> 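Here you go, one structure.
Only this structure's heavy atoms are used, side chains among them; waters, hydrogens and symmetry mates stay out. Only a predicted model underlies this, so the values are computations on that prediction, with no experimental measurement involved.
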Amino acid sequence: QVQLVESGGGLVQVGGSLRLSCAFSGRTFNNYRMGWVRQAPEKEREFVATIDWSGWRTYNGDAVKGRFTISRDNAKNTVYLQMNNLKPEDTAVYYCAAGGSGRDKYDYWGQGTQVTVSS
């Protein structure tokens with residue numbers, strides 16, 4: 001079974017940066033595309049970014065283009081989300097996800113990590 005464990009969330013001021021990490025286990029990591037999806041309180045789930053099995057192709061949601069970067073290290077079975085120039089509207093629980101198809105349709109999900117941006 002695939003297991004995903006996010007880390008790196010926390011409290012940051014407007015304009016600051018954070019890097020989230022997601023550790024993958026249970027299957028062959030480079031067989032899976034990976035993604036990040038977030039959900040803010042009382043708001044709909046929102047696609048953040050996705051990356052293919054090799055790390056050569058990425059796609060970001062409109063709200064984070066130019067500020068967030070998804071990457072993966074297949075030797076470490078880890079996917080990252082570098083978040084720069086954070087805004088209050090970035091406050092959400094961030095979920096790591098694996099497999100599936102579509103921008104926010106995945107087969108496996110992590111437990112989430114909280115990111116809070118002060119205003």
> Going only through I, L, V, M, F, W and Y residues with side-chain contacts under 4.5 Å, is there a path from Val117 to Leu11?
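No; Leu11 is not reachable from Val117 via cluster members.
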> How far does CG of Asn60 sit from CZ of Arg67, to the nearest 0.5 angstrom?
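Separation between the atoms: 10.0 Å.
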> Is the closest basic N to carboxylate O distance between Lys87 and Asp90 below 4.0 Å?
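A salt bridge is absent here (no side-chain N lies under 4.0 Å from a carboxylate O).
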> Check whether Val93 and Val48 end up in the same hydrophobic cluster, where Ile, Leu, Val, Met, Phe, Trp and Tyr are linked by side-chain heavy atoms less than 4.5 Å apart.
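Result: no, two separate clusters.
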> Distance-only, no hydrogens or angles: does the Asn31 side chain make a donor-acceptor pair with backbone N or O of Gly99 under 3.5 Å?
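No; zero donor-acceptor contacts below 3.5 Å.
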> Between Leu20 and Thr113, is there a side-chain heavy-atom distance shorter than 4.5 Å?
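With C-beta onward as the side chain, the pair touches.
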> Taking the side chain as C-beta and beyond, is there a heavy-atom pair between Glu6 and Gln111 under 4.5 Å?
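In short, these two side chains touch, coming nearer than 4.5 Å.
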> With rounding to the nearest 0.5 angstrom, report the CG to OH distance, Leu4 to Tyr106.
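Taking CG in Leu4 and OH in Tyr106, the distance rounds to 11.5 Å.
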> More than 12 non-hydrogen atoms from neighbouring residues, nucleotides or ligands closer than 6.0 Å to CD on Gln114, yes or no?
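Above 12, so yes.
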> Does Ala23 have any side chain to side chain contact (heavy atoms under 4.5 Å, CB included) partners at least two apart in sequence or in another chain, and if so, which?
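Side chain to side chain contact (heavy atoms under 4.5 Å, CB included) check on Ala23 returns nothing, list empty.
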> Can you name the closest pair of heavy atoms from Ala98 and Met34 and give their distance?
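Looking at all heavy atoms of both residues, the closest pair is CB-SD, 3.5 Å.
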> Would you mind listing every ring-ring contact (aromatic ring centres under 6.0 Å, His included) that reaches into residues 10-36, with sequence neighbours excluded?
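Every ring-ring contact (aromatic ring centres under 6.0 Å, His included) pair that includes a residue of residues 10-36, provided the two are not neighbours, is Phe24-Phe29, Phe24-Tyr32.
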> Return yes if some donor-acceptor pair links the side-chain N/O of Arg57 with the main-chain N/O of Asp52 below 3.5 Å, else return no.
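Not confirmed, Arg57 side chain does not pair with Asp52 backbone.
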> Would you indicate whether Trp109, at its atom CH2, is surrounded by more than 12 heavy atoms from other residues, nucleotides or ligands within a distance under 6.0 Å?
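Yes, the 6.0 Å shell around CH2 holds more than 12 heavy atoms from other groups.
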> OH of Tyr94 to CD of Glu46: how many Å apart, nearest 0.5 Å?
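Rounded to the nearest 0.5 Å, the OH-CD separation comes to 8.0 Å.
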> How far apart are the C-alpha atoms of Val64 and Arg38, what are their side-chain angles, what is the distance that settles it, and do they pass the side-chain contact (heavy atoms from CB on, under 4.5 Å) test?
CA-CA 11 Å; Val64 306; Arg38 69 186 183 185; 3.9 Å; yes
> When rounded to the nearest 0.5 angstrom, what distance separates CD in Gln82 from CG in Leu18?
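So the CD of Gln82 and the CG of Leu18 are separated by 8.5 Å.
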> Once you round to the nearest 0.5 Å, how far does CG of Asn74 lie from OG of Ser54?
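Asn74 atom CG to Ser54 atom OG measures 8.0 Å (nearest 0.5 Å).
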> When rounded to the nearest 0.5 angstrom, what is the spacing between NZ in Lys65 and OH in Tyr59?
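Lys65 NZ to Tyr59 OH: 4.0 Å, rounded to 0.5 Å.
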> Do you know the tightest heavy-atom contact between Val79 and Ser71?
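Closest approach of Val79 to Ser71, heavy atoms only: CG2-O, 3.1 Å.
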> Kindly confirm or rule out a cation-pi arrangement of Lys105 over Phe47, judged by NZ or CZ under 6.0 Å from the six-membered ring centre and within 45° of its axis?
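Cation-pi check for Lys105 and Phe47: fails.
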> So do Ser17 and Val12 actually touch side chain to side chain, heavy atoms under 4.5 Å?
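No, side chains not in contact.
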> Write down the atom of Thr78, the atom of Ser21, and the distance for their closest heavy-atom approach.
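The pair with the smallest heavy-atom distance is CG2-CB, 4.3 Å.
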> Quick check: do Arg33 and Thr50 have side-chain heavy atoms less than 4.5 Å from each other?
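Yes - at least one pair of side-chain heavy atoms lies under 4.5 Å apart.
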> Given the rule in the side-chain contact (heavy atoms from CB on, under 4.5 Å) test, do Arg45 and Tyr95 qualify, once you have shown the distances and angles that lead to the verdict?
CA-CA 10 Å; Arg45 187 178 64 179; Tyr95 296 92; over 6 Å; no
